[in-house]
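Here's the structure, in structure tokens; my notes come after.
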Number of protein chains: 4
Amino acid sequence: MPVPPTASTAPAEERVREAALDLFAARGYHGTGIRQLAEHAGLSSASLYHYMGTKEDLLVAIMRTCLERLIADAEAVVTARADPEERLAELIRMHVRAHAERPRETRVVDGEVEVLGAAARAEVITLRDRYESIWQSVVEDVLTAIGAPAGEDARLARRALLEMCSGVARWYRPDGRSPLEDVADRYAVLGLRLVGVPHPSHPSH
Amino acid sequence: MPVPPTASTAPAEERVREAALDLFAARGYHGTGIRQLAEHAGLSSASLYHYMGTKEDLLVAIMRTCLERLIADAEAVVTARADPEERLAELIRMHVRAHAERPRETRVVDGEVEVLGAAARAEVITLRDRYESIWQSVVEDVLTAIGAPAGEDARLARRALLEMCSGVARWYRPDGRSPLEDVADRYAVLGLRLVGVPHPSHPSH
Amino acid sequence: MPVPPTASTAPAEERVREAALDLFAARGYHGTGIRQLAEHAGLSSASLYHYMGTKEDLLVAIMRTCLERLIADAEAVVTARADPEERLAELIRMHVRAHAERPRETRVVDGEVEVLGAAARAEVITLRDRYESIWQSVVEDVLTAIGAPAGEDARLARRALLEMCSGVARWYRPDGRSPLEDVADRYAVLGLRLVGVPHPSHPSH
Amino acid sequence: MPVPPTASTAPAEERVREAALDLFAARGYHGTGIRQLAEHAGLSSASLYHYMGTKEDLLVAIMRTCLERLIADAEAVVTARADPEERLAELIRMHVRAHAERPRETRVVDGEVEVLGAAARAEVITLRDRYESIWQSVVEDVLTAIGAPAGEDARLARRALLEMCSGVARWYRPDGRSPLEDVADRYAVLGLRLVGVPHPSHPSH
DNA sequence: TATGAATGAGATTTCATTCAT
DNA sequence: GATGAATGAAATCTCATTCAT
């Protein structure tokens, strides 16, 4: 629960963002006070408001940045690969990497959507839906490629895959036993098997 | 975001618990106020304290009940089945059912552990660890049975399985397209494939 | 500027209202803080919120009560008297009395309308318009009775009369030189002369 | 309530003054923030302090200018006219014109005296008293001229006259039905009748 | 001349909780 | 069993103002 302060020499605006990431991820949006945020960023709570709008704006900015990056990365994967299985494998690796390397951002995105007001929520959900729709079509392509039905099953599989991969943000530690690329590769294997690909061919990246 | 009140004729103690489930699940612990809780339960905020200790006690009670039931159910599964694959399949079905039928409880357990104080957190984490250790050994048994290595892979697979199945609490609706037992069966298939069982033999329950 | 505290033994709800009257009248709505209000009423600022909604609600309640009473009194005058000149004389006396006896309320009504939000402002302005329309028709009747044109002149006269009489709230002191009824009678004479009645017949009440 | 920005090409100092007039008149001194003032003047809030002392200084300057002009104009009227009735008629016209043409200034003078600190308040009240004493003696002269007692009655009449004429600032619109000079003339008639002059002789200017 | 950065103090309102009745 | 009254602490956010650049 105690979160060490950022207190670096980085520009204040960045420190505010870092503080928000640290604390929102660790204690949740409603569990984080403005004063904690300020202290963590090494500012007074009044000064905080030079670098942000409202507390909610700060949250939305974090979510938007994170989701936009996920979308861009997913689109890049789809562009770079043509083979359905390879696409899915690479999508899984990308998602796992994102959640292992930016666990704060992704945890905030995954866990704090419901605190947003109507307008902000709509925006964030639109982004999230765009990201998920990329997954959806990639999963459907794989199911079609291996001769499986791709209706309700594809939705189920997409959800299962996304949840399973997002979980990485909850436990991965960069100083842990498995290097990140190992974890990403293994998840790709698990994911392909899950959707029904019997012998995932090219697990390497 | 608007959560309809319980306002039933149930005994007050139960109404308090229901209110907490509704609101903690919908808005989070820190996002739920004592007065909202009281209003939702049809009591005054002072009366609330006849039926609970502190707000945190209420949260802990919800988590404890939920986790103890999961543990009991998991132990029952292990007792009832001997075959590793069948055990895992049944464990998955049980977990999916629990998350589909009691999404509020499981969401609270999954999402609010970090708000607990040290003592309560230790207790809850102990329970969670017990539950996960049951899964861990069942997964290991399956991997051993199919001739796969069961070290770090088993931990990875267990985490992937649990995350993927817990996600059901986020999207399952009792009035949706798939009946619950279908979803449970399908998840069992997905899960077995994930760990490497090629032709899940007895998907039915 | 220093306003002596109410601090009586009156019920808290009343003390809050009194405090608001004292301070809103003396320092204005925006010049009065919640903490000053609380201190003046002998409560903590948190306790204040047992007896009121928001600060604006408190203001609106004061305005509504004051305006509704003015309207009721004006309607009573119109009902009680038939002669136009007598009606106007009595209306003036009533208005002067109200502003002399309840200077805090009337000053708040006259000076703080623009701080209200849209909804509250609409309500208050509706009440104010009702009150002024009573005056308007009484003034028109007088002008007609004395053979004067009653168009734009009546509007001008009504405004002049109301402003002149409302000013009493700014200077009348109960311990001053003139008894209230004298002031009221004299204003009735001034007012009738203003609209053009040469020898106000029944200045007494 | 929304006040359109000044945003002109006028020199900054003037823009600051205009902004203060707009906002103090519309929202009151305490209802106007330094940042609103700055935005309205097209400056940053820090730059504002190049053109003013404190916020209160700005308010005092507005009040002083307005009152000094009223005093000068009133003295000019007294100098220019010898006949008591004509003096009063012209004084009324002047006051009405001032309030119709500079409603922001006069509203601020009339409504924000009590927010001033002791020193500033003393200065402003001294000016106001000087202005009112001019009126007082003119009214007394009229009463004496028409053979009426001029003691307490004169004070009452002066107050009634001033309030009634100041009210013009609250409703006069330059694009309204009556041209300003009409309004001024009519108020002169109303005012003379009010003090007891039966047939105001020279209503025109 | 002009402004970003900064802040201590204070704004209004809600927090979880207690207690006398 | 139930609640109105009460509150210290804290919530988010704005205040008027200063200062180095």
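Quick caveat: nothing in here was measured; it's all calculated off a predicted structure.
Residue-to-nucleotide proximity on DNA chain E shows that, of A/Leu48 and B/Tyr49, the 5′-proximal contact is made by A/Leu48. Remark on DNA chain F: of its neighbouring residues C/Ala12 and A/Lys55, the 5'-side contact belongs to C/Ala12, judged by nearest-heavy-atom nucleotide. Nearest-nucleotide positions on DNA chain E for A/Ser47 and C/Gly53 put A/Ser47 closer to the 5' end.
Here the rule is side chain to side chain contact (heavy atoms under 4.5 Å, CB included) with A/Met63, and of A/Leu58, A/Leu116, A/Thr106 only A/Leu116 fits it.
Distance NE2 (A/His50) to P (F/dT14): 12 Å, rounded to an integer number of Å. What separates CD of A/Glu13 from C1' of E/dA5 is a distance of 12 Å, to the nearest Å. To the nearest angstrom, C1' of E/dA5 lies 16 Å from CE of A/Met52. Atom CG of B/Leu58 and atom P of E/dC15 are 16 Å apart (whole Å). As a whole-Å value, the separation of A/Asp57 CG from F/dT14 C1' is 15 Å. Atom-to-atom, CG of D/Leu37 to C1' of F/dT17 comes out at 13 Å; the value is rounded to the nearest Å. For the pair B/His30 NE2 and E/dC15 P, the computed distance is 13 Å after rounding to whole Å. Summarising the geometry, the separation between CD1 on D/Ile34 and C1' on F/dC13 is reported as 18 Å, rounded to the nearest angstrom.
Nucleotide F/dT14: paired with E/dA9 (Watson-Crick or G-U wobble, both distances less than 3.5 Å). Both distances falling under 3.5 Å, in either a Watson-Crick or a G-U wobble arrangement, place E/dA20 opposite F/dT3.
Ion pairing of A/Glu18 with A/Arg104 is present here, as a side-chain N (NZ or NE/NH1/NH2) and a carboxylate O approach within less than 4.0 Å. The pair C/Glu123-C/Arg64 meets the salt-bridge criterion, since a charged nitrogen lies less than 4.0 angstrom from a carboxylate oxygen.
One finds no side-chain N or O of B/Arg35 lying less than 4.0 angstrom from the OP1 or OP2 phosphate oxygen of E/dA16.
Ranking F/dT12, F/dT17, E/dG8 by closeness to the D/Ser45 side chain, first place goes to F/dT17. Nearest to the side chain of A/Leu43, among F/dA5, E/dT7, E/dT17, sits E/dT7. Side-chain proximity of C/Ala46 to the nucleotides E/dC15, F/dT14, F/dC19 is greatest for E/dC15.
Here the side chain of A/Thr32 pairs a donor or acceptor atom with the backbone of A/Leu23 at under 3.5 angstrom.
Residues A/Met52 and A/Glu13 have side chains not in contact (no heavy-atom distance under 4.5 Å, counting atoms from C-beta outward).
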